[in-house]
J.: 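Take a look at this one; I'll ask things after.
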Amino acid sequence: MDGNFQETVLNLVKQIPAGKVTTYGEIARRITGSVRAARAVAQAVARNPYPIAIPCHRVVRSDGDVGGYSLGVEKKIKLLRAEGIEIGGRKVLNLKHFKIKIN
DNA sequence: CCCATGACTAATT
DNA sequence: AAATTAGCCATGG
């Protein structure tokens, strides 16, 4: 198979440290050079086979909304809170503060 | 190759 | 500030 895109996405996600987050768009930008593939990135992480080992719960929306999660949004919020990320409603507070760029 | 789908985004209302 | 809308792109049928 040639599914290099998903593989690349998951490899980048693996590099996000606990207590930090990034956005679908940032990952897209890192891979394609533009934010336009953000939706494709979401597709890739949505099929993440190992949700805990590969911390896709640390990928959120650009507007601060936590976005979705294969094991349920509530679960995603719990995981993020457990890592010290503050969340109000469905949004990450101070996103700017926790957001990081990937190498 | 065409068409539908979705864990998105930026802009507009 | 919340809701809508159009645009985009990697998959899978």
Side-chain angles (χ1 to χ4, degrees):
Chain A
M1 28 188 281
D2 178 22
N4 200 0
F5 184 76
Q6 172 172 24
E7 211 176 313
T8 305
V9 170
L10 296 182
N11 280 328
L12 289 178
V13 171
K14 268 194 284 190
Q15 300 176 36
I16 309 173
K20 296 288 179 184
V21 299
T22 191
T23 66
Y24 299 94
E26 281 297 320
I27 294 177
R29 194 176 314 193
R30 169 65 177 71
I31 298 176
T32 68
S34 157
V35 69
R36 294 199 229 91
R39 218 166 175 182
V41 169
Q43 281 281 16
V45 292
R47 294 172 179 159
N48 174 8
Y50 311 105
I52 305 299
I54 303 176
C56 55
H57 59 277
R58 296 180 190 140
V59 185
V60 302
R61 286 209 193 199
S62 62
D63 65 357
D65 191 290
V66 295
Y69 194 54
S70 60
L71 305 183
V73 179
E74 291 308 314
K75 179 71 176 173
K76 184 170 183 175
I77 293 176
K78 277 186 183 178
L79 290 170
L80 290 174
R81 287 224 171 97
E83 297 179 354
I85 307 237
E86 296 176 33
I87 299 176
R90 288 206 155 187
K91 293 203 170 184
V92 174
L93 308 178
N94 304 322
L95 176 60
K96 214 160 136 185
H97 180 69
F98 297 111
K99 183 174 167 186
I100 62 169
K101 285 186 108 186
I102 315 222
N103 314 317

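Just so it is clear: chains get the letters A, B, ... in the order the sequence lines come, proteins before strands, and each one is counted from 1.
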J.: Which heavy-atom pair separates Ile100(A) from Thr22(A) by the least distance, and what is that distance?
T.: O-OG1, 3.3 Å
J.: Determine the minimum heavy-atom distance between Ile31(A) and Phe5(A), stating which atoms define it.
T.: CG2-CE1, 4.1 Å
J.: Looking at every strand, decide which applies to Thr32(A) at a 4.0 Å heavy-atom threshold: base, sugar-phosphate, or nothing.
T.: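 Thr32(A): no heavy atom of the nucleic acid under 4.0 Å.
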J.: Side chain of Ser70(A) only, please: which of dC9(C), dG12(C), dA7(B) is the nearest?
T.: dA7(B)
J.: Answer yes if Val73(A) and Val21(A) sit in the same cluster of Ile, Leu, Val, Met, Phe, Trp and Tyr residues linked by side chain heavy atoms under 4.5 Å apart, and no otherwise.
T.: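 Yes.
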J.: Select from Ala40(A) and Glu26(A) the residue whose nearest nucleotide in DNA chain B is closer to the 5' end of that strand.
T.: Ala40(A)
J.: Can you name the closest pair of heavy atoms from Val41(A) and Ile27(A) and give their distance?
T.: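 Looking at all heavy atoms of both residues, the closest pair is CG1-CG2, 3.9 Å.
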J.: Nearest whole angstrom, please: distance from the C1' of dG6(B) to the CG of Asn48(A).
T.: 16 Å
J.: Rounded to the nearest angstrom, tell me the gap between atom CD1 in Ile31(A) and atom C1' in dC8(C).
T.: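 The answer, rounded to whole Å, is 15 Å.
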J.: Within the supplied structure, the quantity of interest is the number of heavy atoms (other residues, nucleotides, ligands) at a distance under 6.0 Å from Glu86(A) CD; does it exceed 12?
T.: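 Counting neighbours around CD of Glu86(A), 12 or fewer heavy atoms of other residues, nucleotides or ligands fall under 6.0 Å, so no.
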J.: Rounded to the nearest Å, what distance is computed from the CZ atom of residue Arg61(A) to the P atom of nucleotide dC8(C)?
T.: 18 Å
J.: If every non-hydrogen atom of Val45(A) is compared with every non-hydrogen atom of Tyr24(A), which pair is closest and at what distance?
T.: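 Nearest pair, atom of Val45(A) first, then Tyr24(A): CG2-CE2, 3.9 Å.
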J.: Considering only side-chain heavy atoms of Val45(A), which listed nucleotide, dT11(C), dT9(B), dA7(B), is closest?
T.: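 Minimum distance to the Val45(A) side chain belongs to dA7(B).
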J.: Could you state the atom-to-atom distance from CD of Gln43(A) to C1' of dA10(C) in whole Å?
T.: 7 Å
J.: Can you find a donor-acceptor pair, distance only, under 3.5 Å between Tyr24(A) side chain and dA7(B) base?
T.: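 Yes, a donor-acceptor pair under 3.5 Å.
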J.: Please state how far atom CG in Asp63(A) lies from atom P in dT4(C), giving the value in whole angstrom units.
T.: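 Asp63(A) atom CG is separated from dT4(C) atom P by 15 Å.
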J.: Taking only heavy atoms on the protein side, list every residue of residues 74-88 of chain A lying under 4.0 Å from any atom of DNA chain C, sorted numerically.
T.: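 Contacting residues: none.
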J.: Is the phosphate of dT9(B) approached by Ser62(A) (side-chain N or O, under 4.0 Å from OP1 or OP2)?
T.: yes
J.: Which nucleotide in the set dA10(C), dA10(B), dA7(B) lies at the smallest distance from any side-chain heavy atom of Phe5(A)?
T.: dA10(C)
J.: Ala46(A) near the nucleic acid: base, sugar-phosphate alone, or nothing, with a heavy-atom cut-off under 4.0 Å?
T.: base
J.: Could you tell me the separation between the NZ atom of Lys99(A) and the C1' atom of dT9(B), rounded to a whole number of Å?
T.: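 Taking NZ of Lys99(A) and C1' of dT9(B), I get 11 Å after rounding.
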J.: Taking atom C1' of dT4(C) as reference, at what distance in whole Å does atom CG of Asp65(A) sit?
T.: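 Value for this atom pair: 16 Å.
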J.: Reckon Arg39(A) has a side-chain N or O less than 4.0 Å from the OP1 or OP2 of dC9(C)?
T.: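 No, because none of the side-chain N or O atoms of Arg39(A) sits under 4.0 Å from OP1 or OP2 of dC9(C).
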J.: Starting at atom CD of Gln6(A), determine the distance to atom P of dT5(B), rounded to an integer number of angstrom.
T.: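 One finds 21 Å between P of dT5(B) and CD of Gln6(A), rounded.
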J.: Identify which one of Val9(A), Ile16(A), Asn48(A) satisfies the side chain to side chain contact (heavy atoms under 4.5 Å, CB included) criterion when paired with Cys56(A).
T.: Asn48(A)
